[in-house]
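Remarks on the structure that follows.
Only this structure's heavy atoms are used, side chains among them; waters, hydrogens and symmetry mates stay out.
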Amino acid sequence: MGKLPFIELVRTELITRRYSLRTEKVYLQWIKSFIIFNDKKHPQDMGNREIERFLNNLAFNRQVSAATQNQALCAIIFLYRYIIIRDISGLRYSFTKREKIMPTVLTHVEATTIISHLISIHWLTASILYGCGLRINEALQLRVKDINLADNTLFIFRGKSRKDRYTLLPKSLNCAIEEQIEKVKQIHDKDLREGFGLSSLPPSLLKKYSSAAKDISWQYLLPSTTRCIHPYDGYICRHHIHGSAFRKQLRQAV
C-alpha cells in the first residue's frame, strides 16, 4: 500500500476529502476495530462475510445503538470505496432505522434555571447556545472576529451542512462577552510573552492566513485552559474548550 502505513493512507484520504477532525477520528476508530475483529487481516483480503460478522457483533453482542451501527457501516463503506477502490454490493446489512424519539422541550424558566447553576465559561457557553440557537460545536468554534457587538450579531463559520450564516446575539450577553474577550486577550498576551500565541486553524486556513494566526481576532472566544499540539501541522496552539467538559458541567447543572 505504499510507504505510508495503511491507517495513515486512510487518514490522508479523509483529510483530502475535507472530512472534519471529529469524523476522521471516529472513522479511523471503526476501521481499526473492523481489522482487529477479523484477526488483523488486511481489508483487501476481506469482503462481505467479514463485514457482516463485524456488524452483527456490534448489533447482537455489543448491542450498540442504531446510530452507532450506521456510523460503523459508513466508515467501512468509506474504507472500501476510497482506499480499497471496491464498492460493497450484495451486503446482507443495511442502514438501521433510528427510533423516533420526541425531544424534551424545556420551558424558558426551566432553561434559565439550569443555566443559572453554571459558572464562568460554561455559563457563557450555555447562554450563547440558548440565546442564539446554536449547536454546541458552532458555539465552541466561535472566534473573537465572529462577534459583532455593535450590530449584536454572530458569524457562524461552516455550520450545519458546512454553510456560513449570521445569527442574532441577545443584548443581555454583551457585558459577559466583553468580559470574556478581555480574558481571551489576557490569555493571548501571556501566550505571546511565552513564545506562542498561534490559534488552532484548519490546514487550509493556516497556509492562507499564516501572518494572522497570532492575531487576537483569530483566537477562540471560549479558549482551552491549556495549549496543545495541532493534530495536522504539529505546531503548539490554543484550541477551544472541549465539548465533553461543557457537557459534564451541564449534566451536573441539570
Tell me, with the steps shown, if Phe196 and Arg238 meet side chain to side chain contact (heavy atoms under 4.5 Å, CB included).
CA-CA 9 Å; Phe196 302 101; Arg238 189 174 291 277; over 6 Å; no

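- In this structure, Ser33 has no side chain to side chain donor-acceptor pair (under 3.5 Å) partners at least two apart in sequence or on a different chain.
- Of all non-hydrogen atoms in Ala176 and Leu124, the two that sit nearest each other are CB-CD1, 4.1 Å.
- Within a 6.0 Å radius of CD1 in Ile229, no more than 12 heavy atoms belonging to other residues, nucleotides or ligands are found.
- Contact detail for Ala139 and Ile128: the closest heavy-atom pair is CB-CG2, 4.3 Å.
- Residues Cys132 and Thr167 share a closest heavy-atom pair of O-OG1, 3.5 Å.
- Follow the hydrophobic side-chain contacts under 4.5 Å out from Tyr27 and you reach Leu91 in the same cluster.
- Here the closest non-hydrogen pair linking Pro170 and Gly131 is CG-O, 3.5 Å.
- Linking ILVMFWY side-chain heavy atoms closer than 4.5 Å, directly or via other members, places Ile85 and Val10 in two distinct hydrophobic clusters.
- In the hydrophobic cluster analysis, where Ile, Leu, Val, Met, Phe, Trp and Tyr join through side-chain heavy atoms closer than 4.5 angstrom, Val184 is grouped apart from Ile236.
- Residue pairs meeting the salt bridge (charged side-chain N to carboxylate O under 4.0 Å, His left out) criterion with at least one member in residues 214-231, sequence neighbours excluded: Asp191-Arg227, Glu194-Arg227.
- Going from atom CG of Leu154 over to atom CG of Leu149 covers 8.5 Å, rounded to the nearest 0.5 Å.
- What you find for Glu52 and Gly90 is that their closest heavy atoms are OE2-O, 4.2 Å.
- A heavy-atom distance below 4.5 Å is found between the side chains of Phe6 and Leu79.
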Verdict with reasoning, Trp30 to Gln71, per side chain to side chain contact (heavy atoms under 4.5 Å, CB included):
CA-CA 8 Å; Trp30 282 121; Gln71 192 181 68; 2.9 Å; yes

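- A heavy-atom distance below 4.5 Å is found between the side chains of Ile136 and Arg247.
- Among residues two or more places apart in sequence or in another chain, the side chain to side chain contact (heavy atoms under 4.5 Å, CB included) test is passed with Asp151 by Asn148, Thr153.
- In this structure, Ser20 OG and Ile15 CD1 are separated by 11.5 Å, a value rounded to the nearest 0.5 Å.
- Every side chain to side chain contact (heavy atoms under 4.5 Å, CB included) that Ile181 has, sequence neighbours left out, goes to Val144, Ile177, Lys185, Leu221.
- The side-chain heavy atoms of Ile83 and Ile31, taken from C-beta on, include no pair separated by under 4.5 Å.
- Residue Ile147 holds its CD1 atom at 12.0 Å from OG of Ser217, rounded to the nearest 0.5 Å.
- Under the rule for a salt bridge (Lys or Arg N to Asp or Glu O under 4.0 Å), the partners of Asp87 that lie at least two apart in sequence or sit in another chain are Arg81.
- Here Lys145 pairs with nothing under the salt bridge (Lys or Arg N to Asp or Glu O under 4.0 Å) rule; sequence neighbours left out.
- Looking at Leu169 and Asn174, their side chains come closer than 4.5 Å, going by heavy atoms from C-beta outward.
- With rounding to the nearest 0.5 angstrom, the CZ atom of Arg135 is 12.0 Å from the CD atom of Gln141.
- Using a 4.5 Å heavy-atom cutoff, the side chains of Leu142 and Leu222 are not in contact.
- The OG atom of Ser224 sits 9.0 Å away from the CD1 atom of Ile187 when rounded to the nearest 0.5 Å.
- Residues Thr23 and Phe78 form no side-chain contact, since every pair of their non-hydrogen atoms from C-beta on lies 4.5 Å or further apart.
- Taking Thr112 as the reference, His108, Tyr130 meet the side chain to side chain contact (heavy atoms under 4.5 Å, CB included) condition, with sequence neighbours excluded.
- Legend: residues meeting side chain to side chain contact (heavy atoms under 4.5 Å, CB included) with Lys248, ordered by chain and number and at least two apart, are Arg251, Gln252.
- Considering all non-hydrogen atoms of both residues, Asn48 and Ser89 come closest at ND2-O, 2.8 Å.
- Put simply, the side chain of Arg62 never gets that close to the backbone of Asn57: no donor and acceptor are under 3.5 Å apart.
- Neither Phe155 nor Leu168 shares a network with the other; the hydrophobic side chains, linked directly or stepwise wherever heavy atoms of I, L, V, M, F, W or Y lie under 4.5 Å apart, form separate groups for each.
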Acceptor/donor pairs from residues 113-122 side chains to any protein atom, 3.5 angstrom cut, sequence neighbours excluded:
| from | atom 1 | to | atom 2 | distance (Å) |
| --- | --- | --- | --- | --- |
| Thr113 | OG1 | Val109 | O | 2.6 |
| Ser116 | OG | Thr113 | O | 2.5 |
| His117 | ND1 | Thr113 | O | 2.8 |

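- If you run side chain to side chain contact (heavy atoms under 4.5 Å, CB included) between Glu182 and each of Gln186, Glu178, Gln180, only Gln186 comes through.
- Looking only at distances, a side-chain donor or acceptor of Arg143 sits under 3.5 Å from a matching main-chain atom of Trp218.
- Between Cys237 and Ser199 the shortest side-chain heavy-atom distance does not fall below 4.5 Å.
- A distance-only check finds a donor-acceptor pair linking the side chain of Glu50 to the backbone of Gly47 [under 3.5 Å].
- A ring-ring contact (aromatic ring centres under 6.0 Å, His included) check over residues 233-252, counting only residues at least two apart or in different chains, returns the pairs Tyr220-His239, Tyr220-His240, His230-Tyr235.
- A continuous path of hydrophobic side-chain contacts links Trp123 to Leu106 [ILVMFWY only; heavy atoms under 4.5 Å].
- No side-chain heavy atom of Thr68 sits under 4.5 Å from any side-chain heavy atom of Leu58.
- Applying the salt bridge (Lys or Arg N to Asp or Glu O under 4.0 Å) rule to Arg17 yields the partners Glu13; only residues at least two apart in sequence or on another chain are considered.
- Under the rule for a salt bridge (Lys or Arg N to Asp or Glu O under 4.0 Å), the partners of Arg11 that lie at least two apart in sequence or sit in another chain are Glu8, Glu24.
- Between the CD1 atom of Ile51 and the CZ atom of Phe37 there is a distance of 12.5 Å, given to the nearest 0.5 Å.
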